[in-house]
Q: 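Mind having a look at this structure? Questions to follow.
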Amino acid sequence: MRIDKFLKVSRILKRRTVAQEACGEQKVLINGKPAKPATAVKIGDVVEVLYASGSLKFRVCNIKETIKKDEAASLYEVIL
């Protein structure tokens, strides 16, 4: 699955266009490397999203095309 779609489906970022912009500005890292919007994400990858106020680092645990809002957090595991 593309990283921009994963960020939207998992509800880490609100919209896919926001995810694409973040990737374009190199604010999304997959395994420590900047990711383009079309970069494929796999189970086990470590993703870091850089925000103005900090960052969120997580490991991809599952990949689904669609998921309910209540279950979105089951797609990833936050790393401290």
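In this text, all values refer to a predicted model and were calculated from it rather than measured experimentally. No hydrogens, no waters, no symmetry mates; every other heavy atom, side chains included, goes into these values.
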Q: Does CZ in Arg11 sit with more than 12 non-hydrogen atoms of other residues, nucleotides or ligands closer than 6.0 Å?
A: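 More than 12 heavy atoms, drawn from other residues, nucleotides or ligands, come within 6.0 Å of this atom.
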Q: Determine the minimum heavy-atom distance between Val9 and Lys64, stating which atoms define it.
A: CG1-O, 3.5 Å
Q: Determine whether a donor-acceptor pair (N or O, by modelled atom type, separation under 3.5 Å) exists between the side chain of Asn31 and the backbone of Asp45.
A: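 Pair absent, no side-chain N/O of Asn31 close to backbone of Asp45.
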Q: Measuring only between side-chain heavy atoms, which start at C-beta, is Tyr76 closer than 4.5 Å to Val47?
A: no
Q: Group every Ile, Leu, Val, Met, Phe, Trp and Tyr by side-chain heavy-atom contacts under 4.5 Å, then state whether Phe6 and Leu50 land in the same group.
A: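 Not linked; separate clusters.
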Q: Would you sort out whether Lys57 and Val46 count as a side-chain contact (heavy atoms from CB on, under 4.5 Å), showing the intermediate values?
A: CA-CA 7 Å; Lys57 193 172 191 177; Val46 176; 3.7 Å; yes
Q: Please give me the minimum heavy-atom distance between Arg59 and Gly44, naming the atom from each residue.
A: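 Minimum heavy-atom separation between Arg59 and Gly44: CG-O, 4.0 Å.
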Q: Check whether any side-chain heavy atom of Ile3 lies under 4.5 Å from a side-chain heavy atom of Cys23, and answer yes or no.
A: yes
Q: Locate the shortest heavy-atom distance separating Ala72 from Ser10; write the atom from each residue and the value.
A: CB-O, 3.6 Å
Q: Between Lys27 and Glu48, is there a side-chain N and carboxylate O pair less than 4.0 Å apart?
A: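 No salt bridge links Lys27 with Glu48.
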Q: Less than 4.5 Å apart, any side-chain heavy atom of Ser74 and any of Ile67?
A: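 Yes, side chains in contact.
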Q: Side-chain contact test, heavy atoms from C-beta onward, threshold under 4.5 Å: evaluate it for Lys33 versus Leu29 and give yes or no.
A: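 In short, these two side chains do not touch, never coming nearer than 4.5 Å.
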Q: Looking at CE of Met1 and CD1 of Ile63, how far apart are the two atoms once the value is rounded to the nearest 0.5 Å?
A: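 Rounded to the nearest 0.5 Å, the CE-CD1 separation comes out at 6.5 Å.
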Q: So does Lys68 pair up with Asp70, basic N to acidic O under 4.0 Å?
A: no
Q: Side-chain contact test, heavy atoms from C-beta onward, threshold under 4.5 Å: evaluate it for Arg2 versus Arg16 and give yes or no.
A: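 Arg2 vs Arg16: side chains touch.
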Q: Would Ile79 end up clustered with Ile12 when hydrophobic side chains under 4.5 Å apart are linked, directly or stepwise?
A: no
Q: If you define the side chain from C-beta out and look only at heavy atoms, does anything of Leu7 sit under 4.5 Å from Val49?
A: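 The answer is yes; the side chains approach within 4.5 Å.
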Q: Return the CG to CZ distance between Asp4 and Arg15, rounded to the nearest 0.5 Å.
A: 13.5 Å
Q: What distance do Glu21 atom CD and Leu13 atom CG have between them, rounded to the nearest 0.5 Å?
A: 10.5 Å
